[in-house]
J.: 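Supplied in structure tokens, the structure appears directly below.
Quick caveat: nothing in here was measured; it's all calculated off a predicted structure.
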Amino acid sequence: MALWRAYQRALTAHPWKVQVLTAGSLMGLGDVISQQLVERRGLQEHQTGRTLTMVSLGCGFVDYPDALITNYYLWPAVQLANFYLVPLHYRLAVVQCVAVIWNSYLSWKAHRL
């Protein structure tokens, strides 16, 4: 909880910087999940450069054209449920958790052979 409160304070004090870093971190985490859980590369075969690329891309806006349709299926449903079922103070956490899954999918989609 202390880490969450520190994140909230930083978000209030520096919203733009924290959101950019959060997006980059979530993209990197998504790539790690993609490489380790989906592609099952193992730590020795992990492509660190790929993860760093995803972090860099996450700090800006990137969308893969072939994932656009999936985007339109996922996010409206997530946001509908989020706004109607989730209390206000948990909404950001819900979106960030789904974003990790989404970023894993994007990483897999962008790097599949």
Side-chain angles (χ1 to χ4, degrees):
M1 284 306 263
L3 184 60
W4 179 251
R5 284 191 296 271
Y7 175 80
Q8 289 176 319
R9 283 191 304 272
L11 188 60
T12 300
H14 307 284
W16 185 82
K17 292 176 187 175
V18 172
Q19 288 179 12
V20 166
L21 292 174
T22 299
S25 299
L26 291 174
M27 285 290 282
L29 179 60
D31 182 68
V32 170
I33 289 170
S34 178
Q35 288 192 55
Q36 297 305 315
L37 299 179
V38 177
E39 300 168 30
R40 301 192 184 279
R41 289 181 174 272
L43 294 177
Q44 291 182 336
E45 296 295 320
H46 187 88
Q47 297 174 345
T48 305
R50 172 180 150 177
T51 301
L52 293 174
T53 298
M54 294 301 287
V55 169
S56 298
L57 292 174
C59 290
F61 177 77
V62 174
D63 200 0
Y64 302 100
D66 56 341
L68 194 57
I69 292 173
T70 307
N71 177 62
Y72 289 130
Y73 281 112
L74 176 69
W75 287 107
V78 168
Q79 292 295 29
L80 187 66
N82 199 27
F83 285 117
Y84 284 103
L85 303 175
V86 178
L88 178 62
H89 57 284
Y90 292 123
R91 289 180 187 166
L92 180 62
V94 168
V95 169
Q96 289 176 337
C97 289
V98 175
V100 169
I101 296 166
W102 176 245
N103 293 333
S104 299
Y105 169 76
L106 287 179
S107 178
W108 170 79
K109 192 80 165 165
H111 296 96
R112 66 185 172 157
L113 299 175

J.: What residues join L43 in its hydrophobic cluster, counting side-chain heavy atom gaps under 4.5 Å, either direct or through other members?
T.: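 Under the 4.5 Å side-chain rule, L43 groups with nothing.
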
J.: Please tabulate, one pair per line, all N/O donor-acceptor pairs under 3.5 Å involving side-chain atoms of residues 85-100, not counting sequence neighbours.
T.:
| residue | atom | partner | partner atom | Å |
| --- | --- | --- | --- | --- |
| R91 | NE | N82 | O | 3.4 |
| R91 | NE | V86 | O | 3.1 |
| R91 | NH2 | F83 | O | 3.0 |
| Q96 | NE2 | Y7 | OH | 2.9 |

J.: From Q19 CD over to T22 OG1, what is the distance, rounded to the nearest 0.5 angstrom?
T.: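 It is 7.0 Å, given to the nearest 0.5 Å.
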
J.: Using residues 23-37 as the side-chain source, report each donor-acceptor pair under 3.5 Å to any protein atom, sequence neighbours left out, with the distance given to one decimal.
T.:
| residue | atom | partner | partner atom | Å |
| --- | --- | --- | --- | --- |
| S25 | OG | L21 | O | 2.8 |
| D31 | OD1 | R50 | NE | 2.6 |
| D31 | OD1 | R50 | NH2 | 3.2 |
| D31 | OD1 | S107 | OG | 2.4 |
| D31 | OD2 | Q35 | NE2 | 2.6 |
| D31 | OD2 | T51 | N | 3.3 |
| D31 | OD2 | T51 | OG1 | 2.5 |
| S34 | OG | E39 | OE2 | 3.0 |
| S34 | OG | R50 | NH2 | 3.4 |
| S34 | OG | W108 | N | 3.3 |
| Q35 | OE1 | H46 | ND1 | 3.4 |
| Q35 | OE1 | Q47 | N | 2.7 |
| Q35 | NE2 | Q47 | O | 3.3 |
| Q35 | NE2 | T51 | OG1 | 3.4 |
| Q36 | OE1 | G42 | N | 3.3 |
| Q36 | NE2 | G42 | O | 3.3 |
| Q36 | NE2 | H46 | ND1 | 2.9 |

J.: Measuring from L74:CG to W102:CH2, what's the distance to the nearest 0.5 Å?
T.: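 Atom-to-atom, L74:CG and W102:CH2 are 6.0 Å apart.
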
J.: What distance do K109 atom NZ and N103 atom CG have between them, rounded to the nearest 0.5 Å?
T.: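 These two atoms lie 15.0 Å from each other.
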
